[in-house]
Amino acid sequence: MNRYDRIYSVIRRIPAGRVATYGQVAMLAGLPGQARMVGYALAALSARSRLPWQRVVNAQGRVSPRSSGSGVEALQRMMLRREGVRFGASDAIPLAIYRWRPRIAGR
DNA sequence: CCACTGACGAGTG
DNA sequence: GCACTCGCCAGTG
């Protein structure tokens, strides 16, 4: 899993109340165009990892549907709302407002 | 080695 | 909005 460490360290920097997209995380982790690897790295996480996994959403600003409909999507939205993130129509988060914009430090 | 499956994303019709 | 296709690539059988 050493391969995913760069991805995890990026996610650890996302502040509460903000979200980042899979592609954005991949980019910041130095893996441009490999958004899929981010999803793969997150899927390998244990259910209650201390990583703020809920702050990673897809490019539409929506919680990505899991293949194993375990209901975590609802939990994720709940956790985000609890941090102050508001959802718009179709359960989409307005990325123009909530997208995390890191300073040119971790690149 | 091959085939298939993904918490993705951009593009096309 | 919907349905594909393609590019990406780790993990599994």
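Proteins come first, then strands; the chains are lettered A, B, ... in the order of their sequence lines, and each starts at number 1.
The distance from atom OH of Tyr8(A) to atom P of dA10(C) is 14 Å, rounded to the nearest whole Å. In this entry the distance linking CG of Leu51(A) with P of dA7(B) reads 18 Å, nearest Å. Regarding Ile11(A), its CD1 atom lies at a distance of 13 Å from the P atom of dC8(B), rounded to whole Å. Rounded to whole Å, the distance from CZ on Arg3(A) to C1' on dC8(C) is 14 Å. As rounded to whole Å, 13 Å separates atom C1' of dC8(B) from atom CZ of Arg66(A). When rounded to the nearest whole Å, the span between CG of Leu80(A) and P of dA7(B) equals 18 Å. Between Tyr4(A) atom OH and dG6(B) atom C1' there is a gap of 11 Å when expressed in whole angstrom units. Here dG9(B) presents its C1' atom at 13 Å from CG of Leu95(A), a figure rounded to the nearest Å.
Contacts between residues 31-39 of chain A and DNA chain B, counted as heavy-atom distances below 4.0 Å, involve Ala35(A), Arg36(A), Gly39(A).
When the side-chain hydrogen bond (donor to acceptor under 3.5 Å, both in side chains) test is applied to Arg12(A), no partner is found at least two apart in sequence or on another chain. Contacts of Ser64(A) classified as side-chain hydrogen bond (donor to acceptor under 3.5 Å, both in side chains), with partners at least two apart in sequence or in another chain: Asn58(A).
For the residue pair Ala20(A) and Val25(A), the shortest heavy atom distance occurs at CB-CG2, 4.0 Å. Across all non-hydrogen atoms, the minimal contact from Val63(A) to Gln76(A) is CG1-OE1, 3.1 Å.
Using a 4.5 Å heavy-atom cutoff, the side chains of Trp100(A) and Val10(A) are in contact. Between Val72(A) and Arg66(A), the closest side-chain pair of non-hydrogen atoms falls below 4.5 Å.
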Report all side-chain donor-acceptor pairs from residues 34-42 of chain A shorter than 3.5 Å, counting only partners two or more places apart or in another chain.
none

Would you tabulate the side-chain donor-acceptor contacts of residues 83-96 of chain A under 3.5 Å, counting partners in other chains and residues two or more places apart, or write 'none'?
from     : atom 1 : to       : atom 2 : distance (Å)
Glu83(A) : OE1    : Gly17(A) : N      : 3.0
Glu83(A) : OE1    : Arg55(A) : NE     : 3.1
Glu83(A) : OE2    : Gln54(A) : NE2    : 2.8
Glu83(A) : OE2    : Arg55(A) : NE     : 3.2
Glu83(A) : OE2    : Arg55(A) : NH2    : 2.9

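Applying the 4.0 Å criterion to OP1 and OP2 of dC8(B), one finds that Ser64(A) has a side-chain N or O inside that range. Phosphate contact (OP1/OP2 of dT5(B), side-chain N/O of Ser67(A), threshold under 4.0 Å): absent.
Checking dG11(C), dG9(B), dA7(B) against every side-chain atom of Asn58(A), the shortest atom distance belongs to dG9(B).
Between the side chain of Arg18(A) and the backbone N or O of Arg99(A), at least one donor-acceptor pair lies under 3.5 Å.
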Identify the pairs formed between an N or O of the protein and an N or O of nucleotides 10-13 of chain B at a distance under 3.5 Å, and give each distance.
none

